[in-house]
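One-based numbering along the sequence shown.
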Amino acid sequence: MPGAARGSVGGGLQAGNHKERDVNLTDTDQEELRGWTALALTDGLAAKDAIRLLSETGSAAAAFSLSLTDLARLVGMSAAERIRAAARGAMDEETDAVLEWLRNAPDARLVTVAEPEYPSGLVAAGTGPLALFARGSAKLLTEEPVAVLGTCDPDDEGADNARAFGAAIALAGAPVLATLESGIPAAALEGALSERKAAAPVALLATGAARAPKDLAALQRRVLEAGGLLLTAEAPLTGLSDETRARRDRLIPGVARKFLLIEADLRDPSVGLARAAAELGASVGALPGNIHEKLAKGGNQLIREGAMLVESVADLGLD
């Protein structure tokens, strides 16, 4: 893994409760950043395994000097083989591309499991990646964001409700967390951005940060200009696929502990996301709707299953 790049990764290695562990990475250098980046690009290396690995090695860069046997003991044979391949230079091109993005993209950073901004829920769930790729204010991840969910093809009332609740949540001081896609998610982000002196939103991408949807480029710029955050599990140049959508969706229950479904039919993926969040102990609410309307059936069903009936942000525990 020759070469280096400018950047910083701070903090001590932390578990799901964010108590400091044995590893101290405060004084990282360019080689360490390169090590973190290469590990972040290693398929199959989850945060929980990375914690075990880095607690043993003391640094990301040192992980690449371990033998295959020692790596397999810590992270399993599949991830161990990929780390050894990276040590031989197999991932240098991909690593260089990420480091170039970190140098050149404004406010770009790698939020690693070693940092306090890394969501503890992702470690607790056992499915979180080693690091997240971010642009903007990562501190928003520590401010209890509220996930707003719903269909990408809403009716007018649903879009209006998403904007209204997005604004109200932000005014109450909680960041709105929504995927960067059309429909309810975009409307919720727009609502949060419509208010001054309100919490800036967090937009989750299913692509790399350099490949965000062109039709939502203006919304992406507004999120960043407002002091918000673009967040993804994907390397900067990664395109959209079913796999990247699935990885994005797995992030949501680990980042937010409160969920609000605005509008969706029964088969919409947002309904499944809300159920998954409830199973992980999150607080889930939904707007009720007309029993004859298809787009109300997802929320009504969640309420029937035990979700909160939400009429205002006060029902979400927000003032």
Set out, in order, the CA-CA distance, both residues' side-chain angles and the distance that settles side chain to side chain contact (heavy atoms under 4.5 Å, CB included) for Val148 and Phe165, then state yes or no. CA-CA 9 Å; Val148 180; Phe165 272 90; 5.8 Å; no
With a 4.5 Å cut-off on side-chain heavy atoms, are [Y] and [X] touching?
{"X": "Leu149", "Y": "Asp268", "result": "no"}
{"X": "Val98", "Y": "Leu41", "result": "yes"}
{"X": "Leu110", "Y": "Trp101", "result": "no"}
{"X": "Trp36", "Y": "Leu130", "result": "yes"}
{"X": "Leu68", "Y": "Met77", "result": "yes"}
{"X": "Leu141", "Y": "Leu231", "result": "yes"}
{"X": "Val313", "Y": "Val146", "result": "no"}
{"X": "Val284", "Y": "Leu261", "result": "no"}

Under 3.5 Å: donor-acceptor pair, side chain of [X], backbone of [Y]:
{"X": "Thr95", "Y": "Met91", "answer": "yes"}
{"X": "Arg84", "Y": "Ser65", "answer": "no"}
{"X": "Ser283", "Y": "Lys258", "answer": "no"}
{"X": "Glu263", "Y": "Ile184", "answer": "no"}
{"X": "Arg245", "Y": "Ala206", "answer": "no"}
{"X": "Asn104", "Y": "Glu100", "answer": "yes"}
{"X": "Glu32", "Y": "Ala61", "answer": "yes"}
{"X": "Asp315", "Y": "Ser312", "answer": "yes"}

Taking atom [atom1] of [X] and atom [atom2] of [Y], what is their separation to the nearest 0.5 Å?
{"X": "Glu181", "Y": "Thr151", "atom1": "CD", "atom2": "OG1", "value": "9.5 Å"}
{"X": "Arg247", "Y": "Thr238", "atom1": "CZ", "atom2": "OG1", "value": "7.5 Å"}
{"X": "Asn290", "Y": "Leu295", "atom1": "CG", "atom2": "CG", "value": "11.0 Å"}
{"X": "Leu216", "Y": "Arg221", "atom1": "CG", "atom2": "CZ", "value": "11.0 Å"}
{"X": "Arg135", "Y": "Thr232", "atom1": "CZ", "atom2": "OG1", "value": "13.0 Å"}
{"X": "Leu39", "Y": "Asp49", "atom1": "CG", "atom2": "CG", "value": "11.5 Å"}

Can Leu224 and Asp107 be said to form a side chain to side chain contact (heavy atoms under 4.5 Å, CB included), step by step? CA-CA 9 Å; Leu224 291 174; Asp107 299 320; 5.7 Å; no
For residues 296-309, dump all side-chain donor-acceptor pairs below 3.5 Å to protein atoms at least two apart in sequence or in another chain.
| unit_1 | atom_1 | unit_2 | atom_2 | d |
| --- | --- | --- | --- | --- |
| Lys297 | NZ | Ile291 | O | 3.1 |
| Asn300 | OD1 | Gly289 | N | 3.0 |
| Asn300 | ND2 | Gly289 | O | 3.1 |
| Asn300 | ND2 | Ala296 | O | 3.4 |
| Gln301 | OE1 | Arg304 | NH1 | 2.6 |
| Gln301 | NE2 | Glu305 | OE2 | 2.9 |
| Glu305 | OE1 | Arg275 | NE | 2.9 |
| Glu305 | OE2 | Arg275 | NE | 3.3 |
| Glu305 | OE2 | Arg275 | NH2 | 2.9 |

Would you say that more than 12 heavy atoms from the other residues, nucleotides or ligands in this model lie under 6.0 Å from the [atom1] of [X], or not?
{"X": "Asp215", "atom1": "CG", "result": "yes"}
{"X": "Glu143", "atom1": "CD", "result": "yes"}
{"X": "Asp153", "atom1": "CG", "result": "no"}
{"X": "Glu195", "atom1": "CD", "result": "yes"}

Determine, using the 4.5 Å side-chain heavy-atom cutoff (strictly less than), whether [X] and [Y] are members of one ILVMFWY cluster.
{"X": "Leu180", "Y": "Leu273", "value": "no"}
{"X": "Leu54", "Y": "Leu132", "value": "yes"}
{"X": "Leu189", "Y": "Leu229", "value": "no"}
{"X": "Leu287", "Y": "Phe259", "value": "no"}
{"X": "Val255", "Y": "Phe133", "value": "yes"}

Nearest heavy-atom neighbours spanning [X] and [Y]:
{"X": "Gly166", "Y": "Val176", "value": "O-CG2, 3.5 Å"}
{"X": "Thr142", "Y": "Lys139", "value": "OG1-O, 2.7 Å"}
{"X": "Pro145", "Y": "Ala256", "value": "O-CB, 3.5 Å"}
{"X": "Ala159", "Y": "Ala187", "value": "O-CB, 3.7 Å"}
{"X": "Gly35", "Y": "Phe64", "value": "O-CE1, 3.6 Å"}
{"X": "Ile262", "Y": "Gly158", "value": "CG2-O, 3.6 Å"}

Salt bridge present between Arg109 and Glu115 (N-O < 4.0 angstrom):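 Salt bridge flag = yes for Glu115 with Arg109.
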Check this for me: does any side-chain nitrogen of one of Arg211 and Glu234 sit under 4.0 Å from a carboxylate oxygen of the other? no
Just do the side chain to side chain contact (heavy atoms under 4.5 Å, CB included) check on Leu74 and Leu66 with the steps written out, would you? CA-CA 10 Å; Leu74 295 167; Leu66 291 183; 4.0 Å; yes
Between Arg82 and Ser78, do the side chains contain an N or O donor and an N or O acceptor separated by less than 3.5 Å?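 Yes, because at least one side-chain N or O of Arg82 sits under 3.5 Å from a partner of the opposite role on Ser78.
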Derivation and outcome, salt bridge (Lys or Arg N to Asp or Glu O under 4.0 Å), residues Asp92 and Arg34: CA-CA 10 Å; Asp92 281 357; Arg34 188 176 185 85; 3.8 Å; yes
Could you give me the CA-CA distance, side-chain angles and deciding distance for Val223 and Leu193, then say whether side chain to side chain contact (heavy atoms under 4.5 Å, CB included) is met? CA-CA 7 Å; Val223 169; Leu193 292 166; 4.1 Å; yes
